[in-house]
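Everything on this sheet refers to the single structure shown next.
Lettering follows sequence order; numbering is per chain, from 1.
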Number of protein chains: 2
Amino acid sequence: MGHSRAAKAENHDRIVQVAADRFRERGVDGISMADLMKDAGLTHGGFYKHFASREMLVAEAVERALADGSAAADAIAANPKATLASLIDGYLSLVHRDQVAHSCAVTTLASDVARSSERVRSAYSAQVDRYVALISKLAAWLPDRKQRGLALAALATMVGAVSMARAVSDEKLSREILKSAADELKSRFS
Amino acid sequence: MGHSRAAKAENHDRIVQVAADRFRERGVDGISMADLMKDAGLTHGGFYKHFASREMLVAEAVERALADGSAAADAIAANPKATLASLIDGYLSLVHRDQVAHSCAVTTLASDVARSSERVRSAYSAQVDRYVALISKLAAWLPDRKQRGLALAALATMVGAVSMARAVSDEKLSREILKSAADELKSRFS
DNA sequence: ATTATCTATAGATCTATAGATAATGC
DNA sequence: ATTATCTATAGATCTATAGATAATGC
């Protein structure tokens with residue numbers, strides 16, 4: 001047993017990250033606290049010394065999952081070589097489709113968030129705003145009054161395409177969805 | 001107790017429809033068989049005379065939810081006055097956003113389907129194909145080689161917009177998402 | 001006699017808690 | 001002494017099944 005306060009903070013952090021990953025993989029209702037604690041290398045008994053309830057873990061974990069995407073977006077925004085085309089191709093890539101545990105929560109957790117607390121939905125809204133700001137920034141050549149609407153529509157296209165690409169059984173159709181969305185967005189923004 | 005074979009078929013049908021609605025509302029993992037049976041006006045004990053397992057009900061219910069959307073699509077396709085704009089406005093309406101229990105399963109159940117059986121994912125693929133065919137038909141003036149790609153991208157935009165519009169906490173942002181997507185799609189297809 | 005549904009329950013799992021154990025930190 | 005995690009378990013809920021009950025249909 002390691003019992004220092006620093007270790008507790010690390011454990012808390014690890015539980016949240018494990019939950020952020022597993023919730024994206026299996027859905028918020030798809031995994032138990034006991035299994036999450038085991039995946040974090042702990043036993044389930046200590047759970048309530050970290051969280052007041054399951055719902056509080058859900059809130060922290062969804063916020064973490066959204067923050068993962070936020071970090072990715074910040075990295076793109078900070079890179080002067082980044083283009084809208086690179087963002088589109090990355091979001092609509094096979095890697096992003098398949099690495100669900102580390103994927104963008106705006107797509108992956110949308111259904112779960114719609115059924116969650118105000119706190120969670122508020123964090124989701126903030127992340128949508130960040131994506132729209134990033135897309136607008138990468139489409140700076142467009143007239144100001146058109147940027148936001150086009151950015152929202154483009155984000156919707158990416159979210160819907162990844163969502164459907166994961167659900168269909170036909171690999172060819174799945175790739176066609178991603179490619180059609182990417183082609184359409186890139187032609188629209190040029 | 002009503003025990004005729006006709007009554008059993010009606011009960012089976014009602015259980016499936018209740019599940020199709022509740023799964024869209026709460027997610028496939030969000031409601032128990034006992035609660036579903038109660039909502040169908042039955043007790044839970046009879047469940048396994050209708051379905052081999054919970055998974056089999058999930059399969060039938062998701063297929064039913066998809067078929068609901070299929071019927072709506074067929075109605076549009078059969079109406080000679082239907083336009084692509086009316087489809088877009090209907091899909092991106094506040095009613096469709098809010099009536100989750102009767103909404104299009106291609107959006108609402110995408111995450112659950114991605115984690116489901118091959119049978120379910122195959123039904124989902126078929127429904128995507130039907131939507132793409134409908135959109136293509138309503139955009140018949142486009143060159144043939146462009147129709148399918150644009151239809152897939154348009155479907156992705158609608159699916160992503162409704163998905164996000166349900167998850168965000170800010171009503172103004174939610175409406176903005178739907179309107180931006182609708183405006184963009186209608187201008188793209190004219 | 002067969003069939004459809006009901007009541008009752010077994011066994012597994014899930015959230016939440018109590019108390020024991022073994023560290024930390026004053 | 002306080003704190004973090006562990007073992008153990010209570011109570012609720014979930015899937016699945018057994019046997020009883022009350023209809024249908026030959």
message: One thing to verify: whether A:Arg64 and A:Asp68 come together as a salt bridge, which I'm taking to mean a side-chain N less than 4.0 angstrom from a carboxylate O.
response: no
message: Rounded to whole Å, how long is the line connecting atom CD of B:Glu10 with atom P of C:dT3?
response: 19 Å
query: A:Val162 and A:Ile177: side-chain contact (heavy atoms from CB on, under 4.5 Å), yes or no, with the steps?
result: CA-CA 8 Å; A:Val162 172; A:Ile177 291 165; over 6 Å; no
message: Just the rounded figure in Å: distance from P of D:dT24 to CG of B:Asn11.
response: 13 Å
Basic-acidic side-chain contact under 4.0 Å: A:Arg97, A:Glu171: yes
task: Identify, residue by residue, the members of residues 36-54 of chain B with a heavy atom below 4.0 Å from DNA chain D, and return them in order of residue number, or none.
output: B:His44, B:Gly45, B:Tyr48, B:Ser53, B:Arg54
query: Is the shortest distance from a Lys or Arg side-chain nitrogen in A:Arg14 or A:Glu10 to a carboxylate oxygen in the other one below 4.0 Å?
result: no
message: If you apply the rule side-chain contact (heavy atoms from CB on, under 4.5 Å), what do you find for B:His102 with B:Asp21, and how did you get there?
response: CA-CA 6 Å; B:His102 302 103; B:Asp21 294 353; 3.6 Å; yes
message: Whether B:Asp89 and B:Lys186 form a salt bridge (side-chain N of Lys/Arg under 4.0 Å from carboxylate O of Asp/Glu) is what I want to check.
response: yes
query: Between atom NZ in B:Lys8 and atom P in D:dG25, what is the gap in whole Å?
result: 13 Å
Where DNA chain C forms stems, i.e. three or more consecutive Watson-Crick or G-U pairs with both distances under 3.5 Å: C:1-24 with D:1-24
message: Salt bridge or not between B:Glu25 and A:Arg115? Use side-chain N to carboxylate O under 4.0 Å.
response: no
query: What is the distance, rounded to the nearest whole Å, between atom CZ of B:Arg5 and atom P of D:dT24?
result: 13 Å
query: Any ion pair linking B:Lys172 and B:Glu176 (charged N to carboxylate O, less than 4.0 Å)?
result: no
- line: Per the under-4.0 Å heavy-atom filter, residues of residues 22-33 of chain A near DNA chain D come out as none
field: Lys/Arg-Asp/Glu bridge criterion (N-O < 4.0 Å) met for A:Asp29, B:Arg26
entry: no
query: Any idea how A:Tyr131 and A:Tyr91 line up, ring-wise: parallel (<30°), tilted (30 to 60°), or perpendicular (>60°)?
result: perpendicular
